[in-house]
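Step one of this worksheet: look at the structure below.
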Amino acid sequence: MMDEPNIDASFWSQRYQNRETPWDAGAITTPLKTYLDQVKDKELKILVPGSGHGHEAEYLHRQGFNQVYLLDVAPQPLADFAARVPNFPADHLLCQNFFSLADGNFDLILEQTFFCALPRSMRSAYARKMFDLLKKGGKLVGVLFAIEFENDGPPFGGSALEYQSYFEPYFDFKTFELCYNSILPRQRKEFFMILERRDRPQFIA
């Protein structure tokens, strides 16, 4: 297994510099596009963490959403995004560690190949940080891999029961099911989720 400390900013920067990004679909994928096409409020404050090349943010921006923020620990994909979408607000491009982001009041956070890139030991912290970043009633929406991978990650897979155990203290599950409209390479390999932030964490004694 890969040592977890090696999965850091330099690891990801090297992957982008070497164009080793097999997870990049080249455009927004169908599950998120289908969901976002139903979102009418263009003033929502939206975060795309672990954004990579930011296809979801580019799509939202071109649809008129003006409160979209990208976050990535590697500077290269954010620089590529800025060159590709020059009228995107520069101060909405956040090059920092996700866990160092100040707790905020986002309405919507999009999950697309970020969770699976984190070491497994960070998954509980991820769920808690999502809770802290969202405002009351805010939503975490996206896809998680529905398989385990044979090779050492990243990406790291998992099961529905495992994922649910991380999120249940912090979110109400509006949707969590096998994705019906994944892109071809990921068909039958993704869960689609819509999770709504609880008022406060609820832990089982």
Heavy atoms of L108 and L36 approach each other most closely as CD2-CD2, 4.1 Å

Gap separating the CG atom of D72 from the CZ atom of F81, nearest 0.5 angstrom: 12.0 Å

Restricting to ring pair (Phe, Tyr, Trp, His ring centres under 6.0 Å), what partner residues turn up for F99, sequence neighbours left out? none

Closest heavy-atom pair and its distance - H55, I28: CB-N, 3.5 Å

Hey, can you tell me if F88 and H92 have their rings parallel, tilted or perpendicular (30° and 60° cut-offs)? perpendicular

F145 and P155: which non-hydrogen atoms are nearest, and at how many Å? CE1-CB, 4.3 Å

Could I get the full list of side-chain hydrogen bond (donor to acceptor under 3.5 Å, both in side chains) partners for D91, not counting sequence neighbours? none

Taking the six-membered ring for Trp, are F98 and F114 parallel (under 30°), tilted (30 to 60°) or perpendicular (over 60°)? perpendicular

Those residues that, when tested against D41, pass salt bridge (charged side-chain N to carboxylate O under 4.0 Å, His left out) (two or more places apart): none

Side-chain touch C116/T113, heavy atoms, less than 4.5 angstrom: yes

Side-chain touch I109/Y69, heavy atoms, less than 4.5 angstrom: no

Given side chains that start at C-beta, do those of L94 and L70 come closer than 4.5 Å, heavy atoms only? no

With D132, which residues qualify under side-chain hydrogen bond (donor to acceptor under 3.5 Å, both in side chains), at least two apart? R128

First locate atom CG of L44, then atom CZ of F65, and finally report the distance between them rounded to the nearest 0.5 Å. 6.5 Å

Which residues satisfy the side-chain hydrogen bond (donor to acceptor under 3.5 Å, both in side chains) test with E43, sequence neighbours excluded? N66

With sequence neighbours excluded, tell me which residues meet ring pair (Phe, Tyr, Trp, His ring centres under 6.0 Å) with F131. Y170

Once the angle between the rings of Y35 and F192 is folded into 0 to 90°, is it parallel (under 30°), tilted (30 to 60°) or perpendicular (over 60°)? tilted

So, for G142 and L32, which heavy atoms are closest and what is the spacing to 0.1 Å? CA-CD2, 3.9 Å

Between CG on residue L195 and CD on residue E111, distance to nearest 0.5 Å: 10.0 Å

How many angstroms lie between atom CZ of R198 and atom CG of L134, to the nearest 0.5 angstrom? 14.0 Å

Test applied, side-chain hydrogen bond (donor to acceptor under 3.5 Å, both in side chains); reference residue, Y166; option that passes from Q164, E168, E162: E162

Minimum side-chain heavy-atom gap V68-H61 below 4.5 Å: no

Give me the atom names and distance for the closest heavy-atom approach of P77 to G52. CB-O, 3.2 Å

Flag the pair E58 / H53 as yes when at least one side-chain heavy-atom distance between them is below 4.5 Å, and no otherwise. no

Indicate yes or no: at least one non-hydrogen side-chain atom of V48 is less than 4.5 angstrom from one of Q112. no

Name all residues meeting the salt bridge (charged side-chain N to carboxylate O under 4.0 Å, His left out) criterion together with K45; count only those two or more places apart in sequence or in a different chain, and write none if there are none. none

Return the CZ to CG distance between R123 and L118, rounded to the nearest 0.5 Å. 8.5 Å

Is there a side-chain contact between M130 and F171 in this structure, where contact means two heavy atoms from C-beta onward sitting under 4.5 Å apart? yes

If you measure only the distance, is there a donor-acceptor pair under 3.5 Å linking the side chains of S51 and E56? no

Apply ring pair (Phe, Tyr, Trp, His ring centres under 6.0 Å) to Y163 and list each qualifying residue two or more places apart in sequence or on a separate chain. F115

Stepwise salt bridge (charged side-chain N to carboxylate O under 4.0 Å, His left out) check, R197 with D172: CA-CA 6 Å; R197 184 192 187 275; D172 291 322; over 6 Å; no

Show the atom names and distances, to 0.1 Å, of all donor-acceptor pairs under 3.5 Å that link a side chain in residues 173-183 to residues at least two apart or in another chain.
unit_1 : atom_1 : unit_2 : atom_2 : d
N181   : ND2    : T34    : OG1    : 3.2
S182   : OG     : E190   : OE1    : 2.6

By ring pair (Phe, Tyr, Trp, His ring centres under 6.0 Å) - contacts of Y59 (at least two apart): none

Partners passing side-chain hydrogen bond (donor to acceptor under 3.5 Å, both in side chains) against K42 (at least two apart in sequence or in another chain): none

Distance col, row L47:CG vs N105:CG, nearest 0.5 angstrom, shows 11.0 Å

Using every non-hydrogen atom in the two residues, find where F106 and I46 come nearest and quote the distance to one decimal. CD2-C, 3.9 Å

Tell me the salt bridge (Lys or Arg N to Asp or Glu O under 4.0 Å) pairs involving residues 137-149, sequence neighbours left out? R120-E148, K139-E196

